[in-house]
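These notes are about the structure you will find just below.
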Amino acid sequence: MESTQQAKTTAVKGTDTAREVRALVKNIYKSAHEAKANGKKVAYFMVASQYDEVIRAMDVIPLPTENYAGLCAAKRDMDRFLLKAEADGYSQVLCSYARIGLGFDSLRKELGRIPDNSPDGGMPAPDMMLGSSAVCDPRFKWYQAASRYLDVPTFGMDVVAPPPQDDLNEVRDYYIQYQRDQVQGLIDFLEAQTGKKLDKERLWECIRLGDKAWQLWYDIDRLRVAVPSPMPSQDHFSIMVAGHYYAGTQIAVDFYQKLYDEVKYKVDHKIGVIPDEKYRILYGGGLPPWHTLWIFNYFESFGAVFVIENVYRGFDPVEVPSHVKDPVDYLAWRAFLRYTAYHEKARARSGNPTVEKLLGMIEDYQIDGVVFHACRSCRATTIGQTHIKSELGKYCDLPMMQLVSDMVDLRDYSEAQWKAQIGAFIEALQARSGRR
Amino acid sequence: MSVLDKIDGLYQNRGERARKLRESGKKVIGYFCCFVPDEIITAMDMLPYRIQGSQNDPIDEADALLEPMACPFARSCFNLALKGEYDFLDGFVAPHSCDTIERMYHIWHQNKPSPFNHMINVPHMLGPSSDAFYRKELEYFIKRLEDFSGRKMDPAKLRDAVSLYNRRRELLRELYALRKENPPRVSGTEITKVLVAGMGIPADEHIELVSAFIQEVKNRPAPNPDGLPRIFIWGNEIDDAAFIQLVEECGAHVVMDDLCTGSRFFWEDVPETGDPLEALARRYICTHCPRTLKPQAGDRQTDLENRFGYIRQFMADWKADGAIFYIVRYCDTCELEGPDLKDYLNGLKLPVLMIEDDYSTSTMGQLRTRIQAFLEMIL
Ligand code: SF4
Ligand code: SF4
């Protein structure tokens with residue numbers, strides 16, 4: 001076992017509902033193929049770009065290229081795409097999601113069809129690409145680069161957030177105005193592409209569904225403060241599919257309602273992820289290691305459960321003022337409030353919104369240790385982890401560690417090294433619990 | 001002291017002049033990249049100082065706080081800051097250029113704060129709403145500077161600063177025009193030093209220096225034709241002459257560039273009519289950096305032309321025979337832009353050598369053979 005790396009990638013899940021996600025994922029790609037066949041428009045898109053509901057309201061079928069990269073890694077079928085992108089001149093250190101996406105597009109173009117045996121049937125060629133500057137730079141630059149392989153219209157939407165030191169009263173209006181203009185730009189683009197006008201009532205409906213799903217998702221996470229943990233992080237990495245790839249649909253609402261009921265049942269009956277929960281771990285940040293999700297079960301074998309995480313459900317529900325009557329304004333307001341939710345707390349103490357969020361989690365979830373995952377090719381989610389770890393150390397005394405690999409590129413991962421690091425971390429947890 | 005000695009002195013001892021001015025009571029505001037208008041800082045009677053790294057020094061202390069997969073230019077700057085090299089700064093301003101700079105701003109600000117710290121959000125998209133937003137961000141920046149200094153911005157001074165920097169731009173373009181000769185009387189290595197030397201001194205002093213240097217170059221005898229290839233350099237931050245020097249040592253003339261430390265930061269003027277803030281916002285937002293997305297224009301070929309047509313023009317006007325890309329490793333936007341630009345130039349039958357490097361002089365020797373092979377291929 002130690003000498004050869006595990007071939008299995010997935011983790012054993014804690015909840016039954018999380019097991020249904022596989023079908024949701026398959027359906028993403030199936031729907032895109034069907035939409036193409038039925039003359040509907042399909043768009044490459046980036047999750048968490050604050051524009052999901054607009055795409056749904058315009059009846060455009062979203063095709064998440066980042067998810068596809070993660071899927072390829074979970075199926076351990078990423079190398080052919082990575083290597084193709086590298087052969088086309090893309091650097092080995094470029095975001096590996098982008099490399100998989102570009103490699104896939106390149107192969108599809110070269111073959112004139114979807115590469116054989118692509119995971120979940122592969123991605124059909126989209127009718128358009130919708131990048132955004134939310135989260136990171138590759139998320140708009142990648143689609144521009146992809147036009148090497150796809151002669152389709154592309155659009156980039158800016159998503160802006162003020163730094164925590166800004167006086168929000170000074171900057172609020174123009175941040176919201178700009179966000180509004182950017183969303184409107186996307187709407188204009190989609191109207192031109194689809195030949196249809198946006199129905200604002202429909203947009204409101206999608207927003208209502210989107211908010212409902214995210215509220216339920218938040219409520220589920222609040223249930224997870226329970227001891228023993230009713231739902232582990234490996235489930236979170238699956239169930240986020242509904243919130244991100246089905247945002248603005250009834251499917252997401254129904255899914256989270258069902259999950260809520262299951263988690264609630266587990267809490268009420270004190271059913272934990274593992275029979276003997278010794279340590280409660282916070283996944284402090286970073287994209288998950290899609291190639292090696294079973295590692296979470298490995299932690300569990302020592303009694304350590306990942307009870308909550310700081311990734312994917314990036315925002316808590318926010319309250320947009322009631323004077324906002326237009327759905328486009330609403331989206332701009334919501335984005336602003338989401339991004340600035342921890343600013344005030346940060347200014348009052350650590351100066352850092354992420355540190356504040358994590359400290360809140362540490363307290364609420366009775367955390368014993370924190371684990372970060374640094375991804376070599378993802379600047380956006382990795383830079384700052386070391387700093388945040390050291391800042392956290394100023395306010396709490398917990399074992400913390402940073403595992404390093406990549407979200408999909410296995411060439412950056414060493415199982416032996418991880419196991420050694422985890423061993424040391426568990427010892428630190430043991431020592432600390434002995435002290436208590 | 002000859003003008004060359006002066007330039008070399010400023011290039012070698014980069015913070016020296018700024019430190020002196022600070023001792024005499026001037027406030028020094030450090031910033032990154034090409035998005036922060038020098039004009040605003042100058043109009044507030046402060047000295048704008050473009051923060052640089054050091055390709056000669058290993059990055060050691062920064063690694064404890066900043067992940068090694070961040071752009072080494074940014075890490076090097078931070079490393080110098082941690083070692084106290086930037087303690088003379090009264091202000092630290094980071095534009096949201098890229099993921100690395102934005103994330104690093106918070107780390108820097110918390111670990112090595114200056115008396116004044118500020119981040120300017122720079123739109124990634126272009127268009128009227130981006131101009132309007134950037135203008136607001138600049139207004140807010142001015143307000144923060146006013147609060148910090150206890151002084152109000154004088155609009156007349158802002159206009160003066162715009163003219164002053166336009167004057168410098170004009171001179172730098174004049175200097176660049178001298179590189180059109182074949183062979184040029186001025187080397188790419190010298191140009192790099194002239195530019196870097198000016199990044200932390202008052203604009204009028206730089207203007208004087210550049211004027212004197214132009215005279216000096218004009219007085220040089222025209223060199224004999226040597227048949228060496230003429231090279232265009234594309235990339236991001238090259239604030240050390242070592243790489244350009246290496247290319248020239250391998251047997252080439254570096255005649256033109258599109259670099260954050262080269263033509264990119266000074267090429268376009270700021271219009272002197274109308275509202276200066278609007279003019280500044282428009283001018284600075286359009287800086288040719290891959291971190292800004294140009295809206296797609298038509299089919300692939302039209303789009304490439306729209307994005308890179310100015311480079312074709314540069315290469316034609318300066319009669320460049322080929323291009324070398326120097327990409328600082330981990331700069332995602334450059335890594336994504338490079339292959340597109342290479343496609344475009346190759347389509348024009350212009351050869352390209354794409355280099356990804358660590359922003360370090362210690363590894364540079366390894367590039368020699370690749371550059372030599374490329375130059376031989378061109379000839
Ligand atoms: S750099 Fe990170 S956040 Fe950006 S696209 Fe890649 S994986 Fe996503
Ligand atoms: S070189 Fe690239 S990654 Fe580095 S600071 Fe500049 S834009 Fe950012």
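So you know, we letter chains A, B, ... as the sequences are listed, proteins then strands, and number each from 1.
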(message) For chain B, which candidate among A:Thr386, A:Val159, A:Val152 shows the most heavy-atom pairs at distances under 4.5 Å?
(response) A:Thr386

(message) Looking at A:Asp137 and B:Arg291, is there a salt bridge between them, counting it only when a charged N and a carboxylate O are closer than 4.0 Å?
(response) no

(message) Could you measure the distance from the CG atom of B:Leu336 to the CD atom of A:Gln144? Nearest 0.5 Å is fine.
(response) 8.5 Å

(message) I need the residue from B:Arg329, B:Glu337, B:His96 with the largest number of non-hydrogen atom pairs under 4.5 Å to chain A.
(response) B:Glu337

(message) Please classify the contact of A:Ala145 with chain B as side chain, backbone, both or neither, using a heavy-atom distance under 4.5 Å.
(response) both

(message) To the nearest 0.5 Å, what is the distance between CG on B:Asp332 and OG on A:Ser91?
(response) 8.5 Å

(message) Please rank A:Gly89, A:Gly384, A:Pro162 by heavy-atom pairs under 4.5 Å with chain B and give me the top one.
(response) A:Gly384

(message) Would the distance check show the side chain of B:Glu67 and the main-chain N or O of A:Gln385 forming a donor-acceptor pair, the cut-off being under 3.5 Å?
(response) yes

(request) Considering non-hydrogen atoms only, spot the tightest contact between B:Arg300 and A:Ser147 and give its length. (result) CD-O, 3.3 Å

(request) Enter the distance from B:Met69:CE to A:Thr382:OG1 here, rounded to the nearest 0.5 Å. (result) 4.0 Å

(request) Using non-hydrogen atoms and a 4.5 Å limit, figure out which bit of A:Asp151 sits close to chain B: side chain, backbone, both or neither. (result) side chain

(message) For B:Glu139 and A:Tyr174, which I'm curious about, is there any donor-acceptor pair between the side chains at under 3.5 Å?
(response) no

(message) Is A:Gln184 close to chain B through its backbone or its side chain, or both, or neither, when contacts mean heavy atoms under 4.5 Å?
(response) neither

(message) Rounded at 0.5 Å granularity, tell me how far CE in B:Met125 sits from CD in A:Gln182.
(response) 6.5 Å

(message) Please classify the contact of A:Asp173 with chain B as side chain, backbone, both or neither, using a heavy-atom distance under 4.5 Å.
(response) neither

(message) Looking at every heavy atom in both A:Leu94 and B:Glu335, which two are closest together, and how far apart are they?
(response) CD1-CB, 4.3 Å

(request) Pick one of side chain, backbone, both or neither for A:Leu102, based on which atoms fall under 4.5 Å of a heavy atom in chain B. (result) side chain

(message) If only side-chain N and O atoms count, and only distance matters, is there a donor-acceptor pair under 3.5 Å linking B:Tyr140 with A:Asp167?
(response) no

(message) Under a 4.0 Å threshold between the charged nitrogen and the carboxylate oxygen, would A:Arg148 count as salt-bridged to B:Asp343?
(response) yes

(message) Counting only non-hydrogen atoms closer than 4.5 Å, can you tell me which residues of residues 301-309 of chain B sit against chain A?
(response) B:Arg307

(message) Could you report the tightest heavy-atom contact between B:Gln296 and A:Pro153, atom names first, then the distance?
(response) OE1-CA, 3.2 Å

(request) For A:Pro164 and B:His106, work out which heavy atoms get closest and say how close. (result) CD-CE1, 3.7 Å

(request) Could you tell me which of B:Pro290, B:Ala70, B:Ala132 has the largest number of non-hydrogen atom pairs under 4.5 Å with chain A? (result) B:Pro290

(request) Please report the shortest heavy-atom distance between A:Val93 and B:Glu356, naming the atom on each side. (result) CG2-OE2, 3.6 Å

(message) With heavy-atom distances below 4.5 Å as the criterion, would you say the side chains of A:Gln165 and B:Met119 are in contact?
(response) no

(message) Just so I understand: if I count every heavy-atom pair under 4.5 Å between each of A:Phe140, A:Tyr90, A:Phe155 and chain B, which residue has the most?
(response) A:Phe140

(message) With heavy-atom distances below 4.5 Å as the criterion, would you say the side chains of B:Asp99 and A:Pro138 are in contact?
(response) yes

(message) Ring-plane angle category for A:Tyr178 and B:Phe133, please: parallel below 30°, perpendicular beyond 60°, tilted otherwise.
(response) parallel

(request) Counting only heavy atoms closer than 4.5 Å, note whether B:Pro123 contacts chain A via side chain, backbone, both or neither. (result) both

(message) Give me the atom names and distance for the closest heavy-atom approach of A:Ala161 to B:Asn121.
(response) O-ND2, 2.8 Å

(message) Side chains of A:His387 and B:Asn111: any donor to acceptor distance under 3.5 Å?
(response) yes

(request) Let me know if A:Val171 has heavy atoms under 4.5 Å from chain B in its side chain, its backbone, both or neither. (result) side chain

